[in-house]
Amino acid sequence: MKPKSSDNYIVDGRDLDMARAVSRDDGNDDAPMILQPEIPAALTFNGQSHAVMMVSPHDLEDFMVGFALSEGIADNVSQITLRDVRKTLQGYVIEADLHEDVFDRLEDRQRTLEGRSGCGLCGVQSLDAVSMDKIGTVTPGNMAQDIVLRAIDALPDHQTRNRQGGGLLHASAFVDVSGNIQLVREDIGRHNALDKVLGAVARQGIDTAGGFILMTSRCSYEIVTKTVQCGVGGLVTLSGPTLTAVNLARQAGLTMICRERRGLFRRFA
């Protein structure tokens, strides 16, 4: 039986120098694309190495602060003092000092392996660190349908790095109570993008009351826990949730809206 022909085709890009690859808007289908890097970033608190995460190498100060807050290492930005962000031959080193009142929490969230860009739990030392009964509670967001849909429609205009890089980056945005996108951060890892936006919100002192997080990714366990940990009461994702994410959101009081299928969103919690 003759196989059915496909409308797809493969362009041979083996002769491209990826370090020199640039994208063009001239309609040429075989124009090279910009490839997005995944760079190791070592997170160091008070001189002690805590984790090595694979990240997109921008907004690293926001990432460090957001990671510390969303992981429950610190309660607020005043307990975190950024010291340095250094580029090395192997990647980046991000240094911060924690207030003495919270420094002992590092042992509870110690990571001994590298954290890959696709998983927020890689390197957690024990199952106790991801216990499902440790999630806090938030004041549920009251997100009207028109506000949510307006923010969703506006998000692509804010994804500048994603447009440059062939659509490979996740975006995380903070949307205020009126539906305005206050800021956006992008990263190859969805949880990294969330940490970056949570860190930026904290560093800029943005009021999160009534606002929500908007993400281009699926809604998984760590997306819910990080959002709740930082006190945001609403979460919208452009892909579906896991059962665990729904149960955690309901337990925490988090208002959660996710894309169920193309063009249709559902309020799950």
Side-chain angles (χ1 to χ4, degrees), residues 55-56 62-63 66-67 69-71 116-121 130 132 135-159 161-163 167-177 179-201 208 210-269:
V55 303
S56 298
D62 291 337
F63 173 66
F67 179 90
L69 294 173
S70 70
E71 293 284 325
R116 295 166 180 84
S117 58
C119 176
L121 297 181
V130 294
M132 296 300 176
I135 193 167
T137 59
V138 289
T139 301
N142 183 20
M143 297 123 66
Q145 176 172 292
D146 60 331
I147 286 178
V148 173
L149 295 179
R150 185 166 71 248
I152 290 171
D153 290 342
L155 183 58
D157 289 339
H158 295 266
Q159 295 177 254
R161 295 183 186 274
N162 192 55
R163 286 197 302 274
L168 300 178
L169 297 181
H170 287 295
S172 180
F174 178 74
V175 185
D176 67 20
V177 67
N180 301 311
I181 294 178
Q182 292 293 303
L183 49 82
V184 174
R185 294 292 183 266
E186 297 172 275
D187 197 277
I188 197 72
R190 65 188 185 278
H191 53 90
N192 294 340
L194 178 57
D195 280 340
K196 286 180 177 181
V197 85
L198 292 172
V201 165
T208 61
F212 60 93
I213 295 294
L214 170 60
M215 296 198 64
T216 57
S217 70
R218 70 182 184 271
C219 184
S220 52
Y221 159 85
E222 77 274 18
I223 300 301
V224 171
T225 57
K226 285 176 177 289
T227 301
V228 171
Q229 181 66 39
C230 290
V232 181
L235 175 63
V236 179
T237 68
L238 303 191
S239 189
T242 64
L243 176 60
T244 301
V246 172
N247 288 337
L248 284 173
R250 291 174 177 174
Q251 180 180 332
L254 177 71
T255 299
M256 191 171 77
I257 299 171
C258 307
R259 188 192 295 271
E260 185 183 47
R261 54 182 180 271
R262 188 173 183 85
L264 178 65
F265 287 81
R266 183 181 297 273
R267 191 181 298 262
F268 285 91

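Values below: every heavy atom of this structure, side chains too, minus hydrogens, waters and symmetry copies. All of these numbers come straight from a predicted model, not from anything done at the bench.
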Sub-4.5 Å side-chain heavy-atom contact between Ile223 and Leu194: yes
- prompt: side-chain contact (heavy atoms from CB on, under 4.5 Å) between Asn192 and Phe67: does it pass, once the steps are laid out?
  reply: CA-CA 8 Å; Asn192 294 340; Phe67 179 90; over 6 Å; no
query: Roughly how far, to the nearest 0.5 Å, is CG of Leu168 from CZ of Arg161?
result: 14.0 Å
- prompt: Less than 4.5 Å apart, any side-chain heavy atom of Gln182 and any of Val175?
  reply: no
From Thr227 atom OG1 to Met256 atom CE, the distance as rounded to the nearest 0.5 Å: 10.0 Å
- prompt: Does Asn162 reach the main-chain N or O of Leu169 with its side chain, forming a donor-acceptor pair under 3.5 Å?
  reply: yes
query: Between CD1 of Ile257 and CG of Leu238, what distance do you get to the nearest 0.5 Å?
result: 11.5 Å
query: What do the steps show when you test Arg218 against Thr237 for side-chain contact (heavy atoms from CB on, under 4.5 Å), and what is the final call?
result: CA-CA 6 Å; Arg218 70 182 184 271; Thr237 68; over 6 Å; no
query: Within the distance-only criterion (no hydrogens, no angle test), does the side chain of Thr255 pair as donor or acceptor with the backbone N or O of Gly234 below 3.5 angstrom?
result: no
message: Measuring only between side-chain heavy atoms, which start at C-beta, is Phe63 closer than 4.5 Å to Val55?
response: yes
task: List the atom of Thr208, the atom of Val201, and the distance in Å for their closest heavy-atom pair.
output: CG2-CG1, 3.6 Å
- line: Interatomic distance, OG@Ser172 vs NE2@His191, rounded to 0.5 Å, equals 12.0 Å
- request: Please report the shortest heavy-atom distance between Ala173 and Val184, naming the atom on each side.
  value: CB-CG2, 3.7 Å
- prompt: So, does Arg250 use its side chain to make a donor-acceptor pair with the main chain of Phe268 at under 3.5 Å?
  reply: yes
- line: side-chain contact (heavy atoms from CB on, under 4.5 Å) filter on Glu260, not counting sequence neighbours, yields Leu264, Arg266
query: Backbone N or O of Ser56 within a donor-acceptor pair of the Asp187 side chain at under 3.5 Å?
result: yes
message: I want to check something: taking the side chain as every heavy atom from C-beta on, are Ser220 and Arg190 in contact at a cut-off of under 4.5 Å?
response: yes
- prompt: Would Gln229 and Leu69 satisfy side-chain contact (heavy atoms from CB on, under 4.5 Å), going step by step from the backbone distance to the final call?
  reply: CA-CA 7 Å; Gln229 181 66 39; Leu69 294 173; over 6 Å; no
query: Any idea which heavy atoms bring Cys219 and Cys258 closest together, and the distance?
result: CB-SG, 3.9 Å
- prompt: Are Ile181 and Leu155 side-chain neighbours, meaning at least one heavy-atom pair lies under 4.5 Å?
  reply: yes
- prompt: Taking atom CG of Leu243 and atom OH of Tyr221, what is their separation to the nearest 0.5 Å?
  reply: 14.5 Å
query: In Å and rounded to the nearest 0.5 Å, what is the NZ to NE2 distance from Lys196 to His170?
result: 12.0 Å
Side chain proximity check, Lys226 to Asp195, heavy atoms < 4.5 angstrom: yes
- prompt: What are the two closest heavy atoms between Val228 and Ala252, and how far apart are they?
  reply: CG2-CB, 3.8 Å
The single option from Thr139, Leu198, Val197, Leu254 passing side chain to side chain contact (heavy atoms under 4.5 Å, CB included) against Val232: Leu198
query: Taking everything shown except Asn142 itself, do over 12 heavy atoms lie less than 6.0 Å from its CG?
result: no
query: Quick one: does Thr242's side chain have a donor or acceptor within less than 3.5 Å of a partner on Ala245's backbone?
result: yes
message: Evaluate Glu186 against Gln159 for side-chain contact (heavy atoms from CB on, under 4.5 Å), listing each step before the verdict.
response: CA-CA 7 Å; Glu186 297 172 275; Gln159 295 177 254; 3.6 Å; yes
- prompt: Do you know the tightest heavy-atom contact between Ala151 and Gly179?
  reply: CB-O, 4.0 Å
